[in-house]
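First comes the structure, then the notes that go with it.
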Amino acid sequence: MFRTALCYERAYGGAAIFPVINDLNGDLSKPLNLEAVTEVKRLVAFEPLELQPVTYYNDPLDDGYGDPETYRLVPLGVNGAAPSRTGKLIHESRLIIFPGRVVTRAPVSGVRAGWGDSVLSLVRETIRDFNAGFGSMAHLLQDFSQAVFTLRGLNESLATKESDLVKNRLMLMDFMRSVLRALPLDAGDAGQNPESFQRVSTPLSGVSDVLDRMIYRLASALEMPATLLMGMAPGGLNATGDSDIKLFEKRVGQKQDKHLRPRLERLIELVFLSKSGPTGGQVPDKWCVEFCPLSQPTQKEVVDARKVQAEIDEIYVNIGVLPVDDVTKSRFGGDAYSFDTKVDVGALDRMRAQEKAAATAQGRAALEAQARGTAPPPATPGA
């Protein structure tokens with residue numbers, strides 16, 4: 001449903017996910033009662049045309065000042081049915097809003113009121129120019145080679161009664177060229193060349209550079225590397241395209257953190273608050289959302305990373321920062337190798353306190369034995 005909502009947002013300028021929640025309140029126009037959430041049944045994704053803002057937050061002291069407070073649900077037609085023009089009011093706290101590209105906070109009249117803009121508005125003209133450029137190239141290829149007949153005295157012949165003879169001659173030459181794939185020409189008298197045939201090619205120098213620039217412009221508008229968008233190999237010496245891919249992954253990661261993470265956290269929090277959920281309505285003290293890596297490392301990169309981590313673990317163990325057992329559990333205690341170091345600080349403090357107490361007791365016992373004369377005195381440094 002999140003993927004569907006993201007597609008709606010990019011295509012139509014907005015979307016919303018409606019978690020069907022039982023909070024012991026049948027009035028959807030009222031704010032969600034977080035303390036009474038008993039169950040999150042399912043998720044429903046709405047297009048912007050299905051949710052029309054009705055009221056807005058008008059108090060500047062509110063966190064959502066200028067944003068819609070309630071929406072009217074106007075379901076679109078399903079399976080050919082006519083869309084409904086009446087619907088329930090839904091409070092914004094019951095929705096996970098994907099606002100689209102926000103261009104202004106002022107309410108916009110029309111069916112898209114209260115929503116942002118589509119990402120397609122940024123690239124519509126670029127895609128049109130891109131298609132026009134490659135379409136023009138296709139027309140150039142059709143006329144790339146043009147056949148040219150040369151007849152001496154053609155204009156004079158067409159101006160006289162011999163025009164029919166000239167036309168018949170041209171038709172015969174074209175017919176012979178099509179059937180025999182050969183062209184018979186009249187060589188004329190010695191030193192004369194009354195007829196000639198040649199092909200004139202259309203110059204295409206510089207066209208490829210122009211098309212490449214159009215590809216880069218389209219990739220820039222779409223915020224995607226040209227190698228990924230067009231499936232083309234990077235050009236130039238020692239060019240791998242890794243920098244473009246890393247920049248694209250960085251941009252996607254930023255969108256995940258700034259745009260997708262808060263909405264996922266909102267849904268997960270509702271699941272935690274659900275009395276029938278996995279935590280029985282109790283939100284854990286510590287929890288987080290971790291996205292899957294955007295790229296898979298090579299085997300060599302994995303080995304090198306584990307080697308560096310092993311060297312770091314060795315340093316921490318040797319200087320007494322981490323115990324060996326914690327390092328072993330952190331790396332190999334799960335289903336797979338992990339780079340996250342998990343340390344029970346409380347248990348570590350208790351263990352060090354016990355070691356300190358044992359050392360203190362051992363020193364006290366040695367002093368008492370020395371006082372009784374049952375143990376040799378401690379060695380003097382340098383003796």
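Nothing here was measured: the structure is a model prediction, and the numbers come from that model.
Ring planes of Phe18 and Phe46: parallel class, angle under 30° (limits at 30 and 60°). Taking the six-membered ring where tryptophan is involved, the planes of Phe134 and Phe130 are tilted, since the angle between them lies from 30° to 60°.
Using a 3.5 Å distance cut-off with no hydrogens or angles, the side chains of Thr55 and Thr70 do pair a donor with an acceptor.
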Could you give me the CA-CA distance, side-chain angles and deciding distance for Leu218 and Ile127, then say whether side-chain contact (heavy atoms from CB on, under 4.5 Å) is met?
CA-CA 7 Å; Leu218 179 62; Ile127 294 177; 3.7 Å; yes
Take Trp115 and Tyr8 through the test ring pair (Phe, Tyr, Trp, His ring centres under 6.0 Å) and record every step on the way to the result.
CA-CA 12 Å; Trp115 297 99; Tyr8 286 165; over 10 Å; no
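Every side-chain hydrogen bond (donor to acceptor under 3.5 Å, both in side chains) that Asn22 has, sequence neighbours left out, goes to Thr38.
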Show me the side-chain donor-acceptor pairs of residues 57-64 shorter than 3.5 Å, one per line, residues at least two apart or across chains.
{"unit_1": "Tyr57", "atom_1": "OH", "unit_2": "Glu92", "atom_2": "OE2", "d": "2.7"}
{"unit_1": "Asp59", "atom_1": "OD1", "unit_2": "Leu61", "atom_2": "N", "d": "3.1"}

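Val303 shares a hydrophobic cluster with no other residue; no ILVMFWY side chain has heavy atoms under 4.5 Å from its own.
In this structure, the separation between CZ on Arg94 and CG on Leu270 is 10.5 Å, given to the nearest 0.5 Å.
The residues Asp209 and Arg213 are annotated as not salt-bridged, no charged nitrogen and carboxylate oxygen being separated by less than 4.0 angstrom.
Placement of Val308 and Val327 within a single hydrophobic cluster is found when ILVMFWY residues are connected by side-chain heavy-atom separations under 4.5 Å, directly or transitively.
Arg261 forms no cation-pi arrangement with Phe291, by the criterion of a distance under 6.0 Å to the ring centre and an angle within 45° of the ring axis.
Scanning all heavy atoms of the two residues, the minimum distance from Leu294 to Gln256 falls at CD2-NE2, 3.8 Å.
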